[in-house]
2 protein chains.
Amino acid sequence: MYSVEQANEALKAVGLRPTRQRLALLQLLLGKGNRHLTPEMLHVEAKANGIRVSLATVYNTLNQFTDCRILRRVIVDAGKSYFDTNTEPHHHFFDVRSEQLIDLPQASIRCEDLPTPPEGKSVESVDIIVRIG
Amino acid sequence: MYSVEQANEALKAVGLRPTRQRLALLQLLLGKGNRHLTPEMLHVEAKANGIRVSLATVYNTLNQFTDCRILRRVIVDAGKSYFDTNTEPHHHFFDVRSEQLIDLPQASIRCEDLPTPPEGKSVESVDIIVRIG
DNA sequence: GTGTTTGCAAAGTGTTTGCAATTTA
DNA sequence: TAAATTGCAAACACTTTGCAAACAC
């Protein structure tokens, strides 16, 4: 699925040292298709997989991966962070009851006439959240 | 702009007792056109206007107003809440540097083919955030 | 009077940080 | 062995809550 070698390459490519924790977390993250994880979820999953890593390191690592564009941060909930392993442009359903994120089929939304940003500003991203319940 | 009488009416209409704090905050909120405020901002503004109210009450009041649909919550930032005095359907620019929300002209975005939610779920809202910087 | 609301301080939640110990190159 | 990274615990920012005093009806 996602080998140590691939993880190693990926980390080298972005200039992060391939430490035991980063390699393990990266494999866990990218080894199972597109996923939406909170730091807490990843930490639990890591422990379940016998990976010794502190929660602080999970936080730091997720932030670093996001800075390097290995991950993408999705903001749907004040007070909780989600990280998306799919960095391609796409949008989300957010199930407010289960607090679960679901990818929106890319084709399913078509936005036209995107507004021009105010003078001197440029668009960094367009995030569409369809809240469902 | 937004009189005590109007505020009184509005509170009665949603079944909230028109206390001194609620009346004052509601007038402050709705007396100046469409705005996007954090609890902290409203608390500061209240104090500046000689309104004695605790931060806890500002939080509680904003939540109550949101539950009653006098306000709308906008989620753009993990770890900070914004409340929008405009409850009509519309979307936002979010200036990531100044952390400011700006209404998007309603007409400026046109979304077609909104995705069908998963079986048994219904769409509660569609939130579009255009991040600028 | 009775039930609601307030303010305060304490507790809660999610996240970041300082620093000594460890690991990597 | 020099620089980067980790883990821990403490600090942090934001928000909610428990409870006695104040208030609305």
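Below, chains carry the letters A, B, ... as their sequence lines are ordered, and counting in each starts from 1.
Atoms OH (B:Y82) and C1' (D:dC14) sit 13 Å apart, rounded to a whole Å. Going from atom NZ of A:K80 over to atom P of C:dG12 covers 17 Å, rounded to whole Å. When rounded to the nearest whole Å, the span between NE2 of B:H43 and C1' of D:dA13 equals 16 Å. Whole-Å rounding puts the A:L42 CG to C:dT15 P distance at 12 Å.
Ion pair A:E40/A:K80 not flagged as a salt bridge, since none of the NZ, NE, NH1 or NH2 atoms sits closer than 4.0 Å to an Asp/Glu carboxylate oxygen. Classification of B:R131 and A:D127 as a salt-bridged pair holds, one side-chain N sitting under 4.0 Å from a carboxylate O.
Within residues 51-67 of chain B, the residues having any heavy atom under 4.0 Å from DNA chain D are, by residue number, B:A56, B:Y59, B:N60, B:N63. Shown for residues 8-31 of chain B: residues whose heavy atoms fall under 4.0 angstrom of DNA chain D, namely B:R17, B:P18.
With a 4.5 Å cut-off on side-chain heavy atoms, A:Y2 and A:L29 do not count as touching. The closest side-chain heavy-atom distance from B:E45 to B:L37 is below 4.5 Å. At a threshold of 4.5 Å between non-hydrogen side-chain atoms, the residues A:T87 and A:I70 do not count as touching.
Separating the CG atom in B:L11 from the CD atom in B:Q64 is a distance of 9.5 Å, to the nearest 0.5 Å. Between atom CG of residue B:N86 and atom CG of residue B:D103 there is a gap of 5.5 Å, rounded to the nearest 0.5 Å. Between the OG1 atom of B:T85 and the NZ atom of B:K32 there is a distance of 11.5 Å, given to the nearest 0.5 Å.
Stem analysis of DNA chain D (Watson-Crick or G-U pairs, both distances under 3.5 Å, runs of at least three) returns C:1-25 with D:1-25.
When the shell of 6.0 Å around CD of B:E9 is examined, it contains 12 or fewer heavy atoms from other residues, nucleotides or ligands.
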Set out, in order, the CA-CA distance, both residues' side-chain angles and the distance that settles salt bridge (charged side-chain N to carboxylate O under 4.0 Å, His left out) for B:D95 and A:K121, then state yes or no. CA-CA 8 Å; B:D95 186 324; A:K121 304 283 178 181; 2.8 Å; yes
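Under the 30°/60° scheme for interplanar angles, the aromatic rings of A:H36 and A:H90 are found to be tilted.
Nucleic acid contact class of A:S81 (heavy atoms, under 4.0 Å, all strands): sugar-phosphate only.
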